[in-house]
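Reviewing the structure listed below.
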Amino acid sequence: MNLTDINNTGRDKDRLDSRLFAVFGLMAAIVSGAIIAELQNVSLLLAILAILGSVLLFYARKPFSGFIILYIATQLSGYRYDYGILTLRSDQLALIVVLIGWCFSFLRGKSRIYSTILNIPIAILLITGVISSYLFSPMKFQSYQSVFLQFVYILIYFFTVNVLLDNRKKIDWVVKFVMVVGVLHIVYAIVAQLFFLSGVYIGGISPSGRRVNRPLTSGFFQESDLLGAYAGMMIAIFAAHLFKKDGTGVFNLRVLIIAMMLFIYAAISSFARAPWIGIILIIIFYVFYAKPPKTLFNPRTVTFLISAALAFLVIIFPVLNFAYSEFSGKENMLWSRFQEILNFESGSGAGRVKVQEYALYKWEKHPVIGNGVLSLPREEVAEQVAAPSPWLYSSVIQSLHDTGLVGAACMLWIHIAPVIYALYASRKARTAERRAYLVGLSMGAVVMGVSSQSSSFFMLGFPWIYTAILVAIAKITLQEAETPRNDQLVLKHV
């Protein structure tokens, strides 16, 4: 058999795989379209559109294309469909599609399952949740639902990290993709707020903001706290490109300045204090990371800092302070919010502290494995502590109440270990670009971790896919550091 025959055989096999995948995709699309039509009671036209959309997704048969679809879907948590006790979000529907594609790839031997630093802690967290829910939860059905939801989002992590490790040559492109999507998302959030201020609603405003007549930006997320965290994470990623030793960066300085101004505006307009605290922490980190004066005071960084200060003092703060004051009827409302950044004795902060104190009181009954996932009855909390929003907002406190010391330890590991892992990998990175990506993503994870102590971020898909990207790029970087370069191999043979 000659080379031409081999190539033809390979092409024939690819065509066969494509046809089989198309057949299964079409069958699944028809079934899913029928289910959607039945559940939502929509017209035949919308059912056909659902089928066509499913076919389009199924044609993305390469797992990496599935990752792109899934990442975009995790940005759309503000869009959901409630059917009785069932709530469907875009990332959950996308996960079903991409997992089927990945299974096809795995069965053909083109995808693998990798070991990462989070596999065991995540498994322990999930198993503990199942056991505690079965043994102690007073709301077993809700706890079982919540365990399943947690399992779905954990699958997002495993799918993403395995796909990226299978496509390690594309990892730098992935970070750039994350940054571009971040800019587009924030632009939409800001435009939506400006429309809202002019009396036109096009989405992108938090429901609580509309209810109290405040233009709290939420973008495609369901609440402003999440957008504030997201904007802070983008600030962390983009800021890392300011502190390269040679004073250069991956992005043009003007583009970097404009993007950072948009992120700062969005973070402030979200009116969420926890992301602000996270941003302050990463600024402190970057000041020490930059090792002044050599890096901190290079022309690139100085230009940005001056531009940021002027934009904040002349444009961002005055505009937002005026907007919030006009809509709320309270003078200098934004400035008052800044002054109360660490005030947890009044307002929403006081309510959240009361709920967490009550959760800790309940945790004492089953300190080792907790009381069951999402087993704290809201009606009971509202009655006992009179909190305006009887919900556990801290991912760590929630893990402690739900899964005890075992689960809380796992959640802390999920928060902290990837950051340390990525910072360690940044020291082994072969290029300044990769180093900036690792440092920026790890600081973004810090903002996400701080923000998740006031909003239960980890009950959504985005934190899991972001964590998977961080772990994957760190693992790839460390593996590259252990592999000799081509020029080193040549010198060795010479």
Side-chain angles (χ1 to χ4, degrees), residues 71-82 87-92 153 178 181-236 259 261-279 316 319-321 323-324 326-328 333-334 337-338 341 347-349 351-352 388-389 391 393 395 444 447-448 450-466:
Y71 184 82
I72 294 174
T74 60
Q75 305 272 312
L76 307 175
S77 65
Y79 299 89
R80 68 182 191 180
Y81 176 74
D82 294 315
T87 297
L88 296 175
R89 297 187 187 275
S90 57
D91 50 6
Q92 298 165 3
Y153 288 132
V178 169
V181 171
V183 172
L184 295 176
H185 193 160
I186 295 301
V187 167
Y188 163 72
I190 294 174
V191 170
Q193 187 195 51
L194 295 177
F195 270 92
F196 185 77
L197 292 173
S198 63
V200 180
Y201 176 67
I202 61 170
I205 301 297
S206 173
S208 61
R210 297 199 303 275
R211 188 165 57 248
V212 299
N213 209 22
R214 284 191 311 208
L216 305 180
T217 53
S218 59
F220 293 114
F221 294 117
Q222 74 253 41
E223 62 180 45
S224 57
D225 292 62
L226 304 180
L227 185 86
Y230 184 73
M233 293 160 71
M234 291 300 115
I235 289 174
M261 294 304 102
L262 293 173
F263 299 145
I264 292 171
Y265 182 99
I268 295 174
S269 64
S270 70
F271 220 65
R273 291 181 293 179
W276 297 351
I277 296 173
I279 293 170
I316 297 176
V319 169
L320 288 176
N321 192 47
Y324 283 123
E326 285 293 309
F327 269 77
S328 66
M333 186 176 185
L334 186 59
R337 185 71 167 176
F338 275 118
I341 191 171
S348 61
R352 294 179 182 185
S389 183
W391 191 259
Y393 289 92
S395 60
V447 176
M448 182 173 69
V450 173
S451 301
S452 70
Q453 303 317 306
S454 67
S455 183
S456 192
F457 214 2
F458 275 79
M459 291 305 287
L460 296 171
F462 179 72
W464 292 103
I465 201 169
Y466 183 91

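Side-chain contact between M234 and V183 is absent, with no heavy-atom pair separated by less than 4.5 Å. Side-chain contact between L262 and I190 is present, with heavy atoms from C-beta onward closer than 4.5 Å.
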Quiz item: Do R89 and T74 pass the side-chain contact (heavy atoms from CB on, under 4.5 Å) test, and can you show the C-alpha distance, the side-chain angles, and the key distance before you say yes or no?
Solution: CA-CA 9 Å; R89 297 187 187 275; T74 60; over 6 Å; no

Quiz item: Going through the checks in order, is the side-chain contact (heavy atoms from CB on, under 4.5 Å) test met by D91 and L76?
Solution: CA-CA 7 Å; D91 50 6; L76 307 175; over 6 Å; no

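With sequence neighbours excluded, the residues satisfying side chain to side chain contact (heavy atoms under 4.5 Å, CB included) with V191 are V187, F195, I202. With sequence neighbours excluded, the residues that form a side chain to side chain contact (heavy atoms under 4.5 Å, CB included) with A274 are S454. The side chain to side chain contact (heavy atoms under 4.5 Å, CB included) check on S451 picks up A229, P275, V447, with sequence neighbours excluded.
Separation of atoms CG (L227) and CD (Q222) is listed at 11.5 Å; rounding is to 0.5 Å. Atom CZ of F271 and atom OG of S224 lie 9.5 Å apart (nearest 0.5 Å). Here OH of Y201 is found 8.0 Å from CZ of F196. Values are rounded to the nearest 0.5 Å. Residue E223 holds its CD atom at 12.0 Å from OG1 of T217, rounded to the nearest 0.5 Å.
Across all non-hydrogen atoms, the minimal contact from G228 to S270 is CA-OG, 3.3 Å. The nearest pair of heavy atoms linking G444 to M233 is O-CG, 3.2 Å. Contact between G203 and Y188 at its shortest, heavy atoms only, is C-OH, 3.3 Å. Nearest heavy-atom pair across Q193 and I205 is CA-CD1, 3.7 Å.
Residues S395 and S452 bring a donor and an acceptor atom of their side chains to less than 3.5 Å of each other.
Ring-centre distance between Y230 and F462: below the 6.0 Å cut-off.
Between the side chain of Y71 and the backbone N or O of I465, no donor-acceptor pair lies under 3.5 Å. Using modelled atom types, one side-chain atom of H185 and one backbone atom of F220 make a donor-acceptor pair closer than 3.5 Å. Judged by distance alone, with hydrogens and angles left aside, the side-chain atoms of W276 form a donor-acceptor pair with the main-chain N or O of A267 at under 3.5 Å.
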